[in-house]
S.K.: 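Encoded as structure tokens, here's the structure I'll be asking about.
All values below come from the heavy atoms of this structure, side chains included, with hydrogens, waters and symmetry mates left out. Source: prediction; values computed, not measured. Ligands are counted one by one from 1 in listed order, and the atoms in each one are counted from 1 as well.
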Amino acid sequence: MADTTLMEKLVSLCKRRGFVFQSSEIYGGLGSVWDYGPLGVELKKNVKDRWWRAMVHARDDIEGLDAAILMAPQVWEASGHVAGFTDPLVDCKTCKARFRADKIQDAQCPQKPSKHPGEHSTCELTEPRLFNLMFKTFMGPVEEQAAVIYLRPETAQGIYVNYLNVLNSSRQKVPFGIAQIGKAFRNEITPGNFIFRTREFEQMEMQFFVKPGTDGEWFEQWREWRMAWHHSVGLTPAKLRWHPHGPGELAHYAKAAYDIEYEFPFGWNEIEGIHNRSDFDLGRHQQYSGKKLDYFDQAANTRFIPYIIETSAGADRVTLTLLVDAYREEQVEGETRVVLGFHPSIAPIKAAVLPLVKKDGMPELAERIYHDLKQRFTCFYDDSGAIGRRYRRMDEAGTPFCITVDGQTASDQSVTIRLRDAMTQERVGIDRLAAWVSERV
Ligand code: ATP
């Protein structure tokens with residue numbers, strides 16, 4: 001399968017099965033903004049739940065936070081975003097298209113035949129100019145400079161400005177972390193590749209506050225934990241790799257940075273960044289706000305500004321990665337079977353309940369089982385069409401288990417469970433059914 005075809009097939013499956021739709025589609029769509037349908041919202045929620053469980057619930061040293069999207073404009077002065085959150089932009093005077101100057105080699109000129117921008121004799125590219133990626137809006141009734149505020153381009157700043165609130169209210173001690181999931185907005189110049197780079201997206205970020213001098217060790221530890229998490233949600237390990245940032249690539253705040261990259265059909269690309277941000281963030285907020293943000297270490301009787309190790313992943317990007325990684329086509333009995341082979345904990349629907357035929361009391365029994373299981377996990381009931389077709393529909397939605405009520409069920413209170421990947425079946429008693437599925441999801 002050619003790589004571009006894979007993305008096309010995935011985009012089409014996502015629309016057909018209700019994972020992802022283009023925003024405002026009936027008006028022609030809004031550039032690089034996407035909506036999640038019934039299956040997509042469950043998939044993305046499972047990603048966020050798995051992250052939250054690993055980062056907050058399973059640990060004693062990380063607290064959760066949900067900060068507002070709108071923040072005091074000084075935050076973005078202090079963070080460096082007003083001055084420096086820019087991409088170099090070039091325009092083509094001939095075709096009016098815009099490109100990121102640092103990504104010209106990844107871009108396509110709209111003129112045919114397909115070439116990079118600047119390679120056609122008629123291309124006329126401008127000099128690069130800096131373009132700030134933050135969306136601006138106004139607070140209150142007057143649209144004037146003094147009322148300008150921004151939609152946050154990252155969730156991290158909400159954590160830094162609340163660091164003392166969380167520290168004092170939770171009685172944590174350094175080293176400790178704060179985790180947050182929330183929307184972020186970037187007016188990307190060249191968004192694209194479906195939900196890979198969008199203008200509105202969700203981030204899952206964790207900032208870990210440590211004593212200066214211990215930051216190197218914590219950085220390595222967090223790298224290990226975060227890669228292990230990506231393996232745990234079922235991503236193929238051979239398609240994940242580390243990309244260390246060289247000196248020219250390092251952000252102004254970072255002492256060290258590594259990206260976790262995945263091999264997408266359109267090449268290796270970042271899905272998460274792990275950064276050693278030193279004391280830059282708290283130092284700057286202390287300077288700009290005039291409020292003391294240092295930490296008193298009672299044991300050592302010293303004060304210091306904590307260093308921060310950040311782990312920053314995109315919920316949408318991880319969702320796309322899971323879709324790409326899970327998609328496969330197989331030839332079964334002369335037909336193509338499309339499967340989304342999600343890890344059961346990630347699958348939007350955990351089990352489908354299917355009466356073999358629509359008679360002999362099977363639908364009634366199946367509905368009863370469905371209503372019972374639905375209390376515990378996401379289930380789907382389907383009694384229309386041949387059983388083979390219904391299995392295929394569930395394969396495409398990534399449902400790991402299909403529970404079939406058949407002629408034997410009424411007499412011995414058992415059903416078959418058909419496994420999505422192996423396509424084999426097991427017979428299980430109805431009384432053990434909920435436990436059987438729960439153990440596997
Ligand atoms: P890129 O180089 O791909 O633009 P970045 O280095 O600017 O990413 P960070 O600022 O480190 O990204 O953001 C952390 C994470 O947030 C990324 O690893 C990615 O998963 C996600 N992310 C960033 N920008 C976008 C976007 N426009 N659309 C979707 N997810 C994004």
S.K.: Nearest heavy atom to atom 26 (C) of ligand 1: which of Asn187, Thr198, Asn269, Thr311 does it belong to?
M.R.: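 The nearest heavy atom belongs to Thr198.
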
S.K.: Checking the N or O distance criterion of under 3.5 Å, is ligand 1 in contact with Ile195?
M.R.: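 No; every N/O pair is 3.5 Å or more apart.
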
S.K.: List ligand 1 atoms under 4.0 Å from Phe196, heavy atoms only on the residue side.
M.R.: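 Checking each atom against Phe196, I get 28 (N), 29 (C), 30 (N).
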
S.K.: Of all the heavy atoms in Asp316, does at least one lie under 4.0 Å from an atom in ligand 1?
M.R.: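 Under 4.0 Å: no for Asp316.
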
S.K.: Below the 3.5 angstrom mark, is there an N/O of Phe201, backbone or side chain, next to an N/O of ligand 1?
M.R.: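 There is no such contact.
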
S.K.: Fit a plane to each ring of Tyr253 and His275, take the angle between them on a 0 to 90° scale, and name the class: parallel (under 30°), tilted (30 to 60°) or perpendicular (over 60°).
M.R.: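 Tyr253 vs His275 ring planes: perpendicular.
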
S.K.: Ring-plane angle category for Tyr295 and Phe304, please: parallel below 30°, perpendicular beyond 60°, tilted otherwise.
M.R.: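 Tilted, since the angle between the ring planes falls between 30° and 60°.
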
S.K.: Mind telling me whether Phe264 and Phe266 have parallel, tilted or perpendicular rings, with 30° and 60° as the class edges?
M.R.: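 Parallel.
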
S.K.: If the plane angle is over 60° it's perpendicular, under 30° parallel, otherwise tilted; pick one for Phe280 and His252.
M.R.: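 Ring orientation, 0 to 90° scale: perpendicular.
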
S.K.: Among protein heavy atoms, which sits nearest to atom 6 (O) of ligand 1, and what does the distance come to when rounded to 0.1 Å?
M.R.: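 Heavy-atom neighbour on the protein nearest atom 6 (O) of ligand 1: Glu270 OE1, 3.2 Å.
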
S.K.: Looking at atom 19 (C) of ligand 1, what's its closest protein heavy atom, distance included?
M.R.: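 I find the closest protein heavy atom is Arg317 NH1, 3.5 Å.
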
S.K.: Are Thr122 and Gln111 close enough that a side-chain donor and a side-chain acceptor fall under 3.5 Å?
M.R.: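 Yes, side-chain donor-acceptor contact under 3.5 Å.
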
S.K.: Please work out whether the ring planes of Tyr258 and Trp242 are parallel, tilted or perpendicular, with thresholds of 30° and 60°.
M.R.: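 Rings of Tyr258 and Trp242: perpendicular, as their planes differ by over 60°.
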
S.K.: Within the 4.0 Å heavy-atom shell around Ile271, which atoms of ligand 1 are there?
M.R.: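 The atoms of ligand 1 under 4.0 Å from a heavy atom of Ile271 are 18 (O), 20 (O).
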
S.K.: Show the atoms of ligand 1 that are less than 4.0 angstrom away from any heavy atom in Glu188.
M.R.: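 Ligand 1 atoms under the 4.0 Å threshold to Glu188: 24 (N), 26 (C), 27 (N).
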
S.K.: So for ligand 1, is Arg197 a polar contact partner (N or O within less than 3.5 Å, distance only)?
M.R.: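 Min N/O separation from ligand 1 is below 3.5 Å for Arg197.
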
S.K.: Would you please test Asp325 and Tyr262 for side-chain hydrogen bond (donor to acceptor under 3.5 Å, both in side chains) and show each step?
M.R.: CA-CA 9 Å; Asp325 204 62; Tyr262 180 82; 2.4 Å; yes

S.K.: Using distance alone, determine whether Arg100 and ligand 1 share an N or O pair under 3.5 Å.
M.R.: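 For ligand 1, there is no N or O atom that lies under 3.5 Å from one belonging to Arg100.
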
S.K.: Can you pull out the closest protein heavy atom to atom 14 (C) of ligand 1? Residue, atom name and distance to 0.1 Å, please.
M.R.: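 Looking at atom 14 (C) of ligand 1, the protein heavy atom closest to it is Ser312 OG, 2.9 Å.
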
S.K.: Using a 4.0 Å heavy-atom cut-off, say whether Val318 meets ligand 1 through its side chain, its backbone, both or neither.
M.R.: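 Under 4.0 Å from ligand 1, Val318 contributes no heavy atoms.
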
S.K.: Count the heavy atoms belonging to other residues, nucleotides or ligands that lie under 6.0 Å from CG of Asp66, then report whether that count exceeds 12.
M.R.: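 Result for CG/Asp66: open.
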
S.K.: Have a look at Arg186, Glu272, Glu154 and point out the one with the heavy atom closest to atom 9 (P) of ligand 1.
M.R.: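 Shortest heavy-atom distance from atom 9 (P) of ligand 1: Arg186.
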
S.K.: Relative to Tyr307, does Arg277 satisfy both conditions: NZ or CZ under 6.0 angstrom from the six-membered ring centre, and within 45 degrees of the ring's axis?
M.R.: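 Negative - Arg277 is either too far from the ring of Tyr307 or too far off its axis.
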
S.K.: Does atom CD of Gln221 have more than 12 heavy-atom neighbours, drawn from other residues, nucleotides or ligands, at distances under 6.0 Å?
M.R.: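 Yes, CD of Gln221 has more than 12 neighbouring heavy atoms, counting only those of other groups under 6.0 Å.
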
S.K.: At a 4.0 Å cut-off, with the gap strictly under it, does some heavy atom of Gln203 reach an atom of ligand 1?
M.R.: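 Contact present.
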
